Amino acid sequence: MNYWLMKAEENVYPITLFQREKTTYWDGVRNYQARNSMRDDMRKGDLFFFYHSNSKPTGIAGIGRIIKEGYPDHTAFDRKDVHYDPKSLATNPRWYMVDVQYVKSAKRTIPLEVLKQNPKLRDMALFRQAQLSVQPVREAEWKLITGMKDWW
DNA sequence: GCCAACGTTGGC
DNA sequence: GCCAACGTTGGC
């Protein structure tokens, strides 16, 4: 079982919408490292932190589960889609996505600042590669964060 | 809205 | 292969 952190802009896809929809596909990732994680490493049943960026505060808003492993991101083929990429061909897709299911929300978003203050979380990818929208989370980090009673 | 960090593109 | 220009991410 692997753990992940996936970022969504709150004004684009808030966790309240995820909760209503229950399942969705995670499209629009256009970074190779994030793509590789989704295409090669995510497994059905893996859990992830749903992270709100561009929000007040930014931070972990909830938890989701991977329910379908990597497959071509069709929004890259759609000329009218904001994530259209003419270099991604149906015969040779460049971008991948996964299907995800809502699991639960934090009582309140756990702010980035709170995570930063915990010395045990210092090595999280979140701080080392701030711009990466899909990133692995270590089991110890997962357990520590999900065990923060005030927030769940 | 600003801007630092960082990834990608393309000329050479 | 280098690197400047450019675009995007995301915190603030």
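Proteins come first, then strands; the chains are lettered A, B, ... in the order of their sequence lines, and each starts at number 1. Everything numeric here is computed off the predicted structure, so don't read it as measured data. Worth knowing before you read on, the calculation uses all heavy atoms, side chains too, and leaves out hydrogens, waters and symmetry mates.
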Just the rounded figure in Å: distance from C1' of C/dT9 to OH of A/Tyr32.
17 Å
Is the shortest side-chain N/O distance from A/Lys56 to OP1 or OP2 of C/dG10 below 4.0 Å?
no
Only counting residues at least two apart or in another chain, list the ones meeting ring-ring contact (aromatic ring centres under 6.0 Å, His included) with A/Phe77.
none
For residues 114-125 of chain A, which side-chain N or O atoms pair as donor and acceptor with protein atoms under 3.5 Å away, sequence neighbours left out?
unit_1   : atom_1 : unit_2   : atom_2 : d
A/Gln117 : NE2    : A/Glu113 : OE2    : 3.4
A/Asn118 : OD1    : A/Lys120 : N      : 2.8

In whole angstroms, the gap separating P of C/dG11 from CE of A/Met124 amounts to 13 Å
Does the side chain of A/Tyr32 pick up a donor-acceptor pair with the side chain of A/Arg94 at under 3.5 Å?
yes
Point-to-point distance, once rounded to the nearest 0.5 Å, from CG of A/Asp85 to CG of A/Asp78:
12.5 Å
Take A/Glu10 and A/Tyr51 through the side chain to side chain donor-acceptor pair (under 3.5 Å) test and state the conclusion after the steps.
CA-CA 9 Å; A/Glu10 191 180 23; A/Tyr51 183 95; over 6 Å; no
Quick one: A/Asn31 CG to C/dG7 P, roughly how many Å, whole number?
18 Å
Can you pull out the residues from residues 70-95 of chain A that lie within a 4.0 Å heavy-atom distance of DNA chain C?
none
Pairing of A/Asp40 and A/Arg35 as salt bridge, 4.0 angstrom limit:
no
Please round to 10 degrees the angle between the axis of the first five pairs and the axis of the last five pairs in the helix from B/dG1-C/dC12 to B/dC12-C/dG1.
10°
Specify the separation, in whole Å, of atom CG of A/Leu132 and atom C1' of C/dG11.
16 Å
Which distance, rounded to the nearest 0.5 Å, do you find between the CH2 of A/Trp95 and the OH of A/Tyr84?
14.5 Å
Does a side-chain N or O from A/Tyr51 land closer than 4.0 Å to OP1 or OP2 of C/dG11, or not?
yes
Could you encode protein contacts along nucleotides 1-6 of chain B as a string, one character per nucleotide from 5' to 3', using B for base contact, S for sugar-phosphate-only contact and - for no contact, with a heavy-atom cut-off of under 4.0 Å?
-----S
Give the cluster check for A/Phe49 versus A/Val100: same hydrophobic cluster or not, with ILVMFWY residues linked at side-chain heavy-atom distances below 4.5 Å.
no
Whole Å only: how far is the CZ atom of A/Phe127 from the C1' atom of C/dT9?
17 Å
Rounded interatomic separation in angstrom, taking CD from A/Glu10 and C1' from C/dT9:
17 Å
A/Gln33 pairs by side-chain hydrogen bond (donor to acceptor under 3.5 Å, both in side chains) with which of A/Gln129, A/Gln131, A/Gln135?
A/Gln129
Return the value, rounded to whole Å, for the distance between atom CD of A/Gln33 and atom C1' of B/dG7.
10 Å
A/His74 and A/Tyr25 aromatic ring geometry - parallel, tilted or perpendicular at 30°/60° bounds:
perpendicular
Phosphate oxygens OP1/OP2 of C/dT9: is one of them under 4.0 Å from a side-chain N or O of A/Lys7?
no
Distance in angstrom units between A/Leu112 CG and C/dT9 C1', rounded
14 Å
Checking A/Tyr71 now: which residues fulfil side chain to side chain donor-acceptor pair (under 3.5 Å) with it, not counting sequence neighbours?
A/Asp99
